[in-house]
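This structure is a prediction, so every number in the text was calculated from the model and none was measured. For the single chain, residues carry numbers from 1 onward in sequence order. Read the numbers this way: they start at 1 and go in the same order the structure lists the ligands and their atoms.
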Amino acid sequence: MNDLDQLVQAAQADFALAEAPADLENAKARYLGKAGRLTELLKGLATLTPEEKKTRGADINGAKQRVEAALNTRRQALADAELASQLKAESLDVTLPGRKRGVGSMHPITRTMERIEAIFGSMGFDVADGPEIETDWYSFTALNNPENHPARSMQDTFYVDMKDAEGRWLNLRPHTSPMQVRYARAHAQKYAGQAHMPDIRVIVPGRTYRVDSDATHSPMFHQVEGLWVGENVSFKDLKSMYLDFIQAFFETTDLKLRFRPSYFPFTEPSAEIDIMFERGPLTGRWLEVSGSGQVHPQVIRNMGLDPERYIGFAFGSGIDRLAMLRYGVNDLRLYFEGDLRFLSQFK
Ligand code: PHE
């Protein structure tokens with residue numbers, strides 16, 4: 001092995017030791033750089049005779065080419081390794097399940113409201129919305145609660161420390177009943193002077209407020225008001241309609257309805273509506289779900305209608321109560337705590 005073969009071998013070994021491109025460039029400088037071993041050999045040619053120069057020069061150039069070839073091979077190997085490790089680091093396993101964004105769902109009370117709206121909608125009822133901040137007049141006076149009458153404290157009302165433009169005190173409506181008069185007045189006005197007024201048939205689901213808080217009462221709760229007023233609407237219609245509703249709502253005919261005499265200033269006669277399931281875990285207990293009654297003649301008058309001609313009934317049902325019974329929830333507060341462990345069960 002001559003000195004050039006040794007030099008080439010040394011270069012190949014050096015290049016093989018280089019683990020990174022920078023190491024390789026340093027190794028290259030030792031052979032091909034300005035003061036590199038091959039460069040020095042080429043410089044040494046100057047001292048030789050022309051004859052010697054020819055053969056020695058060709059040999060050195062041959063060695064230089066082999067060193068350059070070794071360098072390029074190693075360069076390529078390092079680049080390939082670099083690419084491979086990069087690909088490995090950035091690899092993604094397409095068989096892994098994706099990271100999903102949580103999907104929201106409707107609140108059980110909203111679902112219950114929509115269910116109630118669908119059922120009454122199918123029975124020809126309009127669905128209306130009313131203000132949650134009400135005037136004294138709509139919450140009480142129009143509903144036949146005289147000023148300073150103890151009936152006003154039947155509901156523990158949240159008052160708002162503010163009056164409306166006409167100087168009437170405002171409150172957070174303690175029931176959805178104010179909408180009876182609001183809706184009926186608008187309806188009566190729309191058909192004023194016409195020979196025939198279509199029946200008023202509406203439900204009003206929404207938020208209501210009372211100073212009350214325990215497992216079955218929340219300061220904010222939900223009611224659905226129902227109103228049907230026409231020239232020939234009777235208590236019999238209330239009974240059959242409410243039975244249809246309850247059976248559709250609970251998806252069963254295995255239940256009984258009971259009208260228990262009660263008192264509301266805005267209905268006469270008045271009744272609480274109780275239901276009893278004839279199957280399932282709640283069997284054998286009467287459960288109160290609604291207040292109801294025939295609309296009081298004074299309320300009909302406040303609607304802008306003639307009580308000699310118009311008659312009807314109203315009811316006000318607890319939506320949260322209905323939802324609790326339907327879903328088997330025993331603490332009302334669960335609905336309003338925003339705990340996803342509870343809410344996600346209704347997806
Ligand atoms: N508004 C009554 C309540 O909150 C319920 C009711 C509505 C009663 C309509 C009769 C008629 O308890």
Residue list, side chain to side chain contact (heavy atoms under 4.5 Å, CB included) with Arg333, at least two apart or on another chain: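 Here the qualifying residues are Ala215, Asp331, Glu337.
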Which ligand 1 atoms are under 4.0 Å away from a heavy-atom of [X]?
X: Phe266; value: 1 (N), 2 (C), 6 (C), 7 (C), 8 (C), 9 (C), 10 (C), 11 (C)
X: Gln180; value: 9 (C)
X: Ala314; value: 9 (C), 11 (C)
X: Gln223; value: 3 (C), 4 (O)

Whether Ser270 lies under 4.0 Å from ligand 1, heavy atom: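 Contact absent.
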Arg173 to ligand 1, any heavy atom closer than 4.0 Å: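 No, that is not the case, since the closest heavy atom of the residue is not under 4.0 Å from the ligand.
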Centroid-centroid under 6.0 Å between Phe120 and Phe315 rings: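 Centroid distance Phe120-Phe315: below 6.0 Å, so yes.
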Would [X] and [Y] pass as an ion pair if we require N to O under 4.0 Å?
X: Arg115; Y: Glu251; result: yes
X: Arg182; Y: Glu134; result: yes
X: Arg111; Y: Glu114; result: no
X: Arg260; Y: Asp274; result: yes
X: Arg201; Y: Asp126; result: no

Geometric N/O contact Ser292 with ligand 1, under 3.5 angstrom: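 It does not: no N or O of Ser292 is found under 3.5 Å from an N or O of ligand 1.
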His175-ligand 1 polar pair, N/O distance under 3.5 Å: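 The answer is yes, given that His175 and ligand 1 share an N or O pair closer than 3.5 Å.
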Ser290 and ligand 1 - part of the residue with a heavy-atom distance under 4.0 Å: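 For Ser290, no heavy atom sits under 4.0 Å from ligand 1.
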